[in-house]
Visitor: 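This is the structure I have questions about; it appears just below.
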Amino acid sequence: MINSVRTRIAPSPTGAPHVGTAYMALFNFAFAKKHNGKMILRIEDTDQSRSSKESEEAILSSLNWLGLQWDEGPDCGGDFGPYRQSERLDLYKDSVQKLVDAGYAYPCFCTPERLTELRNEQLGNKETPRYDGHCLNLTKEEIQQKIQAGEKHVYRLKIPNEGTCLFKDELRGDVQFDWKQIDHQVIQKSDGFPTYHLANVVDDHHMGITHVIRGEEWINSTPKHILLYEGLGWKPPVFAHLPLLRNPDKSKLSKRKNPTSIDYYKDAGFLPEAVVNYLGMMGYTLPDQREIFDLQELSESFEIKRMSLGGPIFDIAKLKWLNGRYLREKLSQEDVLQKIIEWKANPEFLSKILPLALNRLETLSDFFPLSHFLLDDLPEYSLEKLIGKTEGLQVAKLLKIAEWEMEKIQKWNRDQISALFQKISQLEDIKLKHLLAPFFVAITGNSVSLPLFDSLELLGPDLTRTRIRIALEKLSADGLGLSKKALKKLEKDYANQYGNRID
RNA sequence: GUCCCGUUCGUCUAGUCAGGUCAGGACACCGGGUUUUCAUCCCGGCAACAGGGGUUCGAAUCCCCUACGGGACGCCA
């Protein structure tokens with residue numbers, strides 16, 4: 001079938017697998033299946049400094065865990081590969097050339113310094129920061145000369161000076177932007193890699209994508225994409241922008257305020273079917289309004305027009321309720337037992353705990369009380385215990401610093417974790433023993449427990465992050481958290497001592 | 001700040017396109033029942049059309065304005 005529906009998900013391998021990715025994947029999947037089409041998975045690894053193989057693997061494996069199977073992708077191949085953008089560079093280079101020839105793009109030699117200065121100036125004048133078209137005035141000869149001299153340059157998209165861009169969003173109808181307020185977006189970076197905007201258009205075209213179903217965050221850059229299709233002489237796909245998942249405070253879902261890693265839900269003991277079901281009821285209701293449904297039921301009855309557009313708040317309480325129903329309605333006791341065993345009651349996992357606990361055992365019955373915090377979702381403890389002998393505000397500060405430092409850990413293991421705490425101990429000039437005290441409580445629920453670093457390794461980054469976040473919330477609720485002002489100051493001091501945060 | 005998108009119970013939503021049933025369901029919460037406790041299960045309750053103007057016999061539904069919320073404004077995606 002030539003005109004069959006093809007959708008895609010295009011995760012960027014720059015971090016932990018995000019539930020937002022799963023959310024988009026779910027509806028791309030459902031839409032494709034509903035129309036007997038295919039869903040393609042494409043890795044958007046055009047950011048050389050941030051992309052990693054580990055992250056790519058983690059994302060594929062998490063989506064697999066959820067059962068959101070794609071028809072073509074880097075792991076399973078397909079007729080439109082390769083499915084990693086870093087392996088398709090020639091294609092983008094050709095397109096840039098085509099765009100330059102057609103007058104839709106131009107090289108820009110401005111230095112990052114000049115651009116920063118320009119930005120600050122515009123910001124100072126309360127203008128929207130935009131490229132000023134400086135390099136648009138270069139003559140052919142000057143360009144030739146600079147390129148030959150090996151000057152670093154990027155390619156920018158040339159936006160019309162006036163007029164409007166009108167496009168149709170499947171869910172919202174006509175959307176209109178003045179070209180005036182769209183920036184001359186970089187489409188090829190100085191390292192020769194394309195930016196998202198170029199790569200996604202080129203790939204969507206070559207991969208035969210018929211429907212681009214993506215997050216609302218992209219709606220503002222759609223005019224640029226439309227222009228790229230025009231410049232390359234291609235027909236744009238159908239666009240549908242889905243609402244963004246939100247934190248309880250209605251901001252875009254973020255790991256600062258909510259567990260956002262798919263792995264968290266796995267580690268915390270949720271069933272993939274329940275997570276998928278829950279995600280499916282965010283912004284969507286089946287025509288018959290049933291609320292327990294699987295991927296297939298969702299796909300069979302899926303009507304994209306039924307998507308509601310208000311950003312749904314991710315409510316863990318409801319997810320838990322749903323998960324409970326799956327446990328007792330969808331599975332037999334044998335099934336549940338098997339799941340528990342596979343989850344954490346397996347010999348592999350328990351045998352990792354044992355060496356930590358052995359010296360502390362007098363009877364076998366000591367084992368589970370000692371290790372329960374590795375099996376719990378969240379441990380319980382009092383605020384007094386958390387603070388201990390440390391000063392309250394100091395506790396919040398240390399937790400926050402650790403939270404930021406943990407984001408920088410590439411490979412989550414004992415050594416890295418140990419190094420992290422050693423570093424904080426030194427820079428904050430606090431004895432390791434005293435530094436660790438509040439962490440023992442936040443992580444294990446007790447001031448006395450199994451060795452912390454090994455425990456953290458076993459617990460994994462996602463459960464760890466959540467426990468630190470919860471501890472911070474407890475402190476705030478009692479007025480011992482960081483005020484807005486204190487946080488600002490801490491951010492600054494942190495950047496000076498530890499380097500920039502990665503969020 | 002500029003632009004774009006959005007707005008029905010605390011939360012997820014049905015109803016909006018084709019204007020006309022006490023605005024329906026679910027989570028959470030509260031109360032009652034079953035259960036040695038708890039949970040499950042069952043029953044009941046609380047609770048919303050953001051505001052203001054139009055159009056109309058009639059507006060949650062169509063139009064306009066305002067407010068509020070979110071997003072975008074990177075050589076990130």
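Just so we're on the same page: letters track the sequence lines, and every chain starts at 1.
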Visitor: Quick one: do A:D376 and A:R467 make a salt bridge, cutoff under 4.0 Å?
Guide: no
Visitor: When the C1' atoms of B:A60 and B:G51 are compared, how many Å lie between them, rounded to an integer?
Guide: 14 Å
Visitor: Base, sugar-phosphate alone, or nothing: which one does A:R306 contact when heavy atoms must sit under 4.0 Å apart?
Guide: sugar-phosphate
Visitor: Any Lys/Arg nitrogen of A:E216 or A:R172 sitting under 4.0 Å from an Asp/Glu carboxylate oxygen of the other?
Guide: yes
Visitor: A:K250 side chain N/O closer than 4.0 Å to the phosphate oxygens (OP1, OP2) of B:U11?
Guide: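 Indeed, a polar side-chain atom of A:K250 lies that close.
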Visitor: Between B:A77 and A:T46, is there an OP1 or OP2 to side-chain N/O distance shorter than 4.0 Å?
Guide: yes
Visitor: Measure from the side chain of A:Q289, starting at C-beta and using heavy atoms only, and say which of B:G71, B:C4, B:A14 lies closest.
Guide: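 So the nucleotide nearest the side chain must be B:A14.
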Visitor: Would you call A:K252-A:E217 a salt bridge at under 4.0 Å N-O?
Guide: yes
Visitor: Taking the six-membered ring for Trp, are A:Y498 and A:W404 ring centroids under 6.0 Å apart?
Guide: no
Visitor: Does B:C22 pair with anything, Watson-Crick or G-U wobble, both distances under 3.5 Å, and if so, with which nucleotide?
Guide: none
Visitor: Please determine, for the side chain of A:R119, which listed nucleotide (B:G74, B:G71, B:C76) has the closest atom?
Guide: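 The closest nucleotide is B:G74.
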Visitor: For nucleotides B:A39 and B:U34, find the distance between their C1' atoms and express it as a whole number of Å.
Guide: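 Each nucleotide's C1' atom is 13 Å from the other's.
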Visitor: When the P atoms of B:C57 and B:G52 are considered, how many whole Å apart are they?
Guide: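 Their P atoms lie roughly 22 Å apart.
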Visitor: Using side-chain heavy atoms (C-beta onward) and a distance below 4.5 Å, is A:I43 in contact with A:P11?
Guide: yes
Visitor: Would you classify A:C165 as touching base, sugar-phosphate or nothing, given that sugar-phosphate means primed atoms plus P, OP1 and OP2, and contacts are heavy atoms under 4.0 Å?
Guide: nothing
Visitor: Do A:Q185 and B:G74 share a donor-acceptor pair, side chain to base, under 3.5 Å?
Guide: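 Flag unset: no donor-acceptor pair detected.
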Visitor: If you check the A:E291 side chain, which of B:A26, B:C5, B:C76 turns out closest?
Guide: B:A26
Visitor: Does A:V154 reach a base, just sugar-phosphate, or nothing at all? Heavy atoms under 4.0 Å.
Guide: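 Base contact - A:V154 has a heavy atom under 4.0 Å of at least one base atom.
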Visitor: When you check the gap from the basic side-chain N to the acidic O, do A:R8 and A:E72 get nearer than 4.0 Å?
Guide: no
Visitor: Specify the residue among A:D174 and A:R328 whose closest nucleotide of RNA chain B lies further upstream toward the 5′ end.
Guide: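 Per heavy-atom nearest nucleotide, the more 5' residue is A:D174.
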Visitor: I'd like the P distance from B:U66 over to B:G74, given in whole Å.
Guide: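 My reading of the P atoms in B:G74 and B:U66 gives 27 Å.
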Visitor: Select one nucleotide: of B:C4, B:G71, B:C75, the one nearest the side-chain heavy atoms of A:F177.
Guide: B:C4
Visitor: Does a side-chain N or O of A:K189 approach OP1 or OP2 of B:G74 to a distance below 4.0 Å, or not?
Guide: no
Visitor: Say you pick atom P in B:U2 and the same atom in B:G25; how far apart are they, in whole Å?
Guide: 44 Å
Visitor: Could you please name the option among B:A14, B:A28, B:G6 that lies closest to any side-chain atom of A:S308?
Guide: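 Nearest to the side-chain atoms of A:S308, counting from C-beta on, is B:A14.
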Visitor: Any donor-acceptor pair, under 3.5 Å, between the side chain of A:S190 and the base of B:C75, if you only look at N and O atoms?
Guide: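 Answer yes: a donor N or O sits under 3.5 Å from an acceptor.
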Visitor: Just N and O in the side chain of A:R50: are any of them under 4.0 Å from OP1 or OP2 of B:A77?
Guide: no
Visitor: Is A:Q188 touching bases, backbone alone, or none of the nucleic acid, heavy atoms closer than 4.0 Å?
Guide: nothing
Visitor: Counting Watson-Crick and G-U wobble pairs only, both distances under 3.5 Å, name the nucleotide matched with B:U56, or none.
Guide: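 Partner of B:U56: none found under 3.5 Å.
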Visitor: Atom CG of A:D288 and atom P of B:U13: how far apart are they, to the nearest Å?
Guide: 17 Å
Visitor: Just name whichever nucleotide pairs with B:G45, Watson-Crick or G-U, keeping both distances under 3.5 Å, else none.
Guide: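 B:G45 is paired, partner B:C29.
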Visitor: Looking at B:G74, B:A77, B:C75, which one has an atom nearest to any side-chain atom of A:P129?
Guide: B:G74
Visitor: Which nucleotide, if any, forms a Watson-Crick or G-U wobble pair with B:U36, using both distances under 3.5 Å?
Guide: none
Visitor: Can you tell me if A:R114 touches the phosphate of B:C75, counting only side-chain N or O atoms and a distance under 4.0 Å to OP1 or OP2?
Guide: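 For A:R114, the contact criterion (side-chain N or O under 4.0 Å from OP1 or OP2 of B:C75) is not met.
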Visitor: Spell out yes or no: do the side chain of A:K318 and the base of B:A28 have one donor N/O and one acceptor N/O closer than 3.5 Å?
Guide: no
Visitor: Grab the CZ-C1' distance between A:R214 and B:A72 for me, whole Å please.
Guide: 12 Å
Visitor: Of the nucleotides B:C5, B:A26, B:A77, which one has an atom closest to the side chain of A:R172?
Guide: B:C5
Visitor: Could you check whether A:F270 and A:Y278 have their ring centres less than 6.0 Å apart?
Guide: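 No, ring centres 6.0 Å or more apart.
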Visitor: Say you pick atom P in B:A59 and the same atom in B:A67; how far apart are they, in whole Å?
Guide: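 It comes out at 26 Å once rounded to the nearest Å.
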Visitor: Measure from the side chain of A:I313, starting at C-beta and using heavy atoms only, and say which of B:A26, B:U11, B:G71 lies closest.
Guide: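 The nucleotide sitting nearest to the side chain is B:U11.
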Visitor: Do any side-chain nitrogens or oxygens of A:K252 fall under 4.0 Å of OP1 or OP2 in B:C5?
Guide: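 Answer no for this pair, as no side-chain N or O of A:K252 is under 4.0 Å from OP1 or OP2.
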Visitor: What integer distance in Å separates A:D178:CG from B:U2:C1'?
Guide: 11 Å
Visitor: For B:G1, give its Watson-Crick or G-U wobble partner with both distances under 3.5 Å, or none.
Guide: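 The base-pairing partner of B:G1, which may sit in any strand shown, is B:C73.
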Visitor: In this structure, how many angstroms lie between the C1' atom of B:C75 and the OH atom of A:Y106, rounded?
Guide: 13 Å
Visitor: What contact category does A:R246 fall into here, base, sugar-phosphate, or nothing, at under 4.0 angstrom with non-hydrogen atoms?
Guide: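 Result for A:R246 = sugar-phosphate.
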Visitor: Checking base pairs now: Watson-Crick or wobble, both atom distances under 3.5 Å. What partners B:A67?
Guide: B:U7
Visitor: Using the C1' atom in both, what is the distance from B:U8 to B:G71, to the nearest Å?
Guide: 22 Å
Visitor: With nearest nucleotide decided by heavy atoms, which residue, A:G310 or A:D47, maps closer to the 5′ end of RNA chain B?
Guide: A:G310
Visitor: Looking at every strand, decide which applies to A:G283 at a 4.0 Å heavy-atom threshold: base, sugar-phosphate, or nothing.
Guide: sugar-phosphate
Visitor: To the side chain of A:P312, which of B:A77, B:G71, B:C12 is closest?
Guide: B:C12
Visitor: To the nearest angstrom, how far is A:Y326 atom OH from B:A26 atom P?
Guide: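 Between P of B:A26 and OH of A:Y326: 18 Å.
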Visitor: Ring centroid separation for A:H134 and A:F109, is it under 6.0 angstrom?
Guide: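 Not under 6.0 Å, so no.
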Visitor: Write down the distance separating the C1' atoms in B:G15 and B:G53, rounded off to the nearest Å.
Guide: 25 Å
Visitor: Please pick, from B:C4, B:A14, B:C27, the nucleotide with the shortest atom-to-atom distance to any side-chain atom of A:N220.
Guide: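 Looking only at heavy atoms from C-beta outward on A:N220, the closest nucleotide is B:C4.
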Visitor: Under 6.0 Å between the ring centres of A:F31 and A:F27?
Guide: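 Between A:F27 and A:F31, which both carry aromatic rings, the centre distance is not below 6.0 Å.
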